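Just below is one structure, and these are the notes that go with it.
Only this structure's heavy atoms are used, side chains among them; waters, hydrogens and symmetry mates stay out. The chain is numbered in sequence order, starting from 1. This is a predicted model, so every value here is computed, not measured.
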Amino acid sequence: KTPTFDPNAEYTFEFFQHLLSFDEFALDFGMPIGKHPLCRILNGQPLKFMAAHQFQESNRNGKAVDEELRWLWSFDLWHESLYEDAKSHDRA
(Lines give C-alpha, C1' and ligand atoms only; values in the text may rest on other atoms or scores of the structure.)
Protein backbone atom coordinates (compact mmCIF):
# COMPACT_ATOMS: atom_id res chain seq x y z
CA LYS A 1 0.00 0.00 0.00
CA THR A 2 1.41 3.41 -0.95
CA PRO A 3 1.29 6.41 1.38
CA THR A 4 -1.32 8.93 0.32
CA PHE A 5 -2.46 12.38 1.32
CA ASP A 6 -6.18 13.10 1.46
CA PRO A 7 -6.96 16.84 1.12
CA ASN A 8 -10.38 16.22 2.70
CA ALA A 9 -8.87 14.70 5.86
CA GLU A 10 -7.87 16.68 8.93
CA TYR A 11 -4.25 16.30 10.03
CA THR A 12 -3.24 17.59 13.47
CA PHE A 13 0.17 17.78 15.10
CA GLU A 14 1.04 18.98 18.58
CA PHE A 15 4.54 19.75 19.77
CA PHE A 16 5.24 20.79 23.34
CA GLN A 17 9.04 20.60 23.45
CA HIS A 18 9.22 24.35 24.01
CA LEU A 19 7.44 23.85 27.35
CA LEU A 20 9.53 20.94 28.63
CA SER A 21 12.71 21.43 30.58
CA PHE A 22 14.26 17.96 30.43
CA ASP A 23 17.20 18.74 32.70
CA GLU A 24 14.83 19.83 35.49
CA PHE A 25 12.00 17.52 34.34
CA ALA A 26 9.52 20.37 34.59
CA LEU A 27 6.97 22.26 32.52
CA ASP A 28 8.23 25.78 31.96
CA PHE A 29 5.41 28.18 31.16
CA GLY A 30 7.55 31.28 31.54
CA MET A 31 6.47 34.30 33.52
CA PRO A 32 4.14 34.80 35.40
CA ILE A 33 3.26 31.09 35.75
CA GLY A 34 6.80 29.68 36.05
CA LYS A 35 8.02 26.08 36.26
CA HIS A 36 6.07 23.10 37.56
CA PRO A 37 7.89 19.81 38.30
CA LEU A 38 6.47 16.88 36.34
CA CYS A 39 7.08 14.44 39.20
CA ARG A 40 4.14 16.00 41.10
CA ILE A 41 1.85 15.50 38.12
CA LEU A 42 3.02 12.04 37.00
CA ASN A 43 2.78 10.35 40.43
CA GLY A 44 5.65 7.94 39.76
CA GLN A 45 4.66 7.17 36.17
CA PRO A 46 6.93 7.89 33.18
CA LEU A 47 6.25 10.65 30.66
CA LYS A 48 4.80 9.02 27.53
CA PHE A 49 5.67 10.12 23.99
CA MET A 50 3.53 8.68 21.25
CA ALA A 51 2.23 9.09 17.74
CA ALA A 52 -0.98 7.55 16.47
CA HIS A 53 -3.25 7.48 13.47
CA GLN A 54 -7.01 7.70 13.93
CA PHE A 55 -8.59 5.30 11.47
CA GLN A 56 -12.21 6.05 10.66
CA GLU A 57 -14.52 3.71 8.82
CA SER A 58 -17.47 5.30 7.04
CA ASN A 59 -20.69 3.92 5.63
CA ARG A 60 -21.95 4.59 2.09
CA ASN A 61 -23.36 7.97 3.14
CA GLY A 62 -19.96 9.07 4.48
CA LYS A 63 -21.08 8.89 8.10
CA ALA A 64 -18.45 7.56 10.53
CA VAL A 65 -19.47 4.15 11.86
CA ASP A 66 -16.27 3.04 13.57
CA GLU A 67 -13.12 4.72 14.86
CA GLU A 68 -9.87 3.16 15.96
CA LEU A 69 -6.67 4.74 17.25
CA ARG A 70 -3.66 2.94 15.74
CA TRP A 71 -0.35 3.50 17.51
CA LEU A 72 2.61 4.31 15.28
CA TRP A 73 5.14 4.40 18.11
CA SER A 74 5.23 4.96 21.84
CA PHE A 75 7.98 5.20 24.44
CA ASP A 76 8.30 6.18 28.09
CA LEU A 77 10.73 8.74 29.46
CA TRP A 78 11.93 8.21 33.01
CA HIS A 79 13.67 10.74 35.23
CA GLU A 80 15.39 10.31 38.59
CA SER A 81 12.77 12.56 40.23
CA LEU A 82 10.14 9.84 39.57
CA TYR A 83 12.10 7.04 41.23
CA GLU A 84 10.90 7.29 44.85
CA ASP A 85 7.22 7.60 43.86
CA ALA A 86 7.56 4.69 41.43
CA LYS A 87 9.14 2.52 44.15
CA SER A 88 6.37 3.32 46.64
CA HIS A 89 3.66 2.43 44.10
CA ASP A 90 5.46 -0.78 43.20
CA ARG A 91 5.30 -1.90 46.85
CA ALA A 92 1.56 -1.22 47.14
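Pairing each heavy atom of D28 with each of K35, the nearest pair is OD2-CE, 3.3 Å.
With a 4.5 Å cut-off on side-chain heavy atoms, H36 and F29 count as touching. Under the 4.5 Å side-chain criterion, counting only non-hydrogen atoms from C-beta, F25 is not in contact with L20.
Under the side chain to side chain contact (heavy atoms under 4.5 Å, CB included) criterion, N8 pairs with D6, sequence neighbours left out.
Criterion: ILVMFWY side-chain heavy atoms under 4.5 Å apart, direct or through other members. Under it, I33 and L27 are part of a common hydrophobic cluster. There is a path of hydrophobic side-chain contacts, each under 4.5 Å, that joins F75 to W78.
Here CG of L38 is found 9.0 Å from NE2 of H79. Values are rounded to the nearest 0.5 Å.
For E68, the CD atom is densely surrounded, since the number of other residues' heavy atoms within 6.0 Å is greater than 12. Within 6.0 Å of OH on Y83 lie no more than 12 heavy atoms contributed by other residues, nucleotides or ligands.
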Side-chain polar contacts of residues 40-51 - donor-acceptor pairs under 3.5 angstrom, sequence neighbours left out - could you list them?
unit_1, atom_1, unit_2, atom_2, d
N43, OD1, H89, NE2, 3.1
K48, NZ, S74, OG, 3.4
K48, NZ, D76, OD1, 3.0

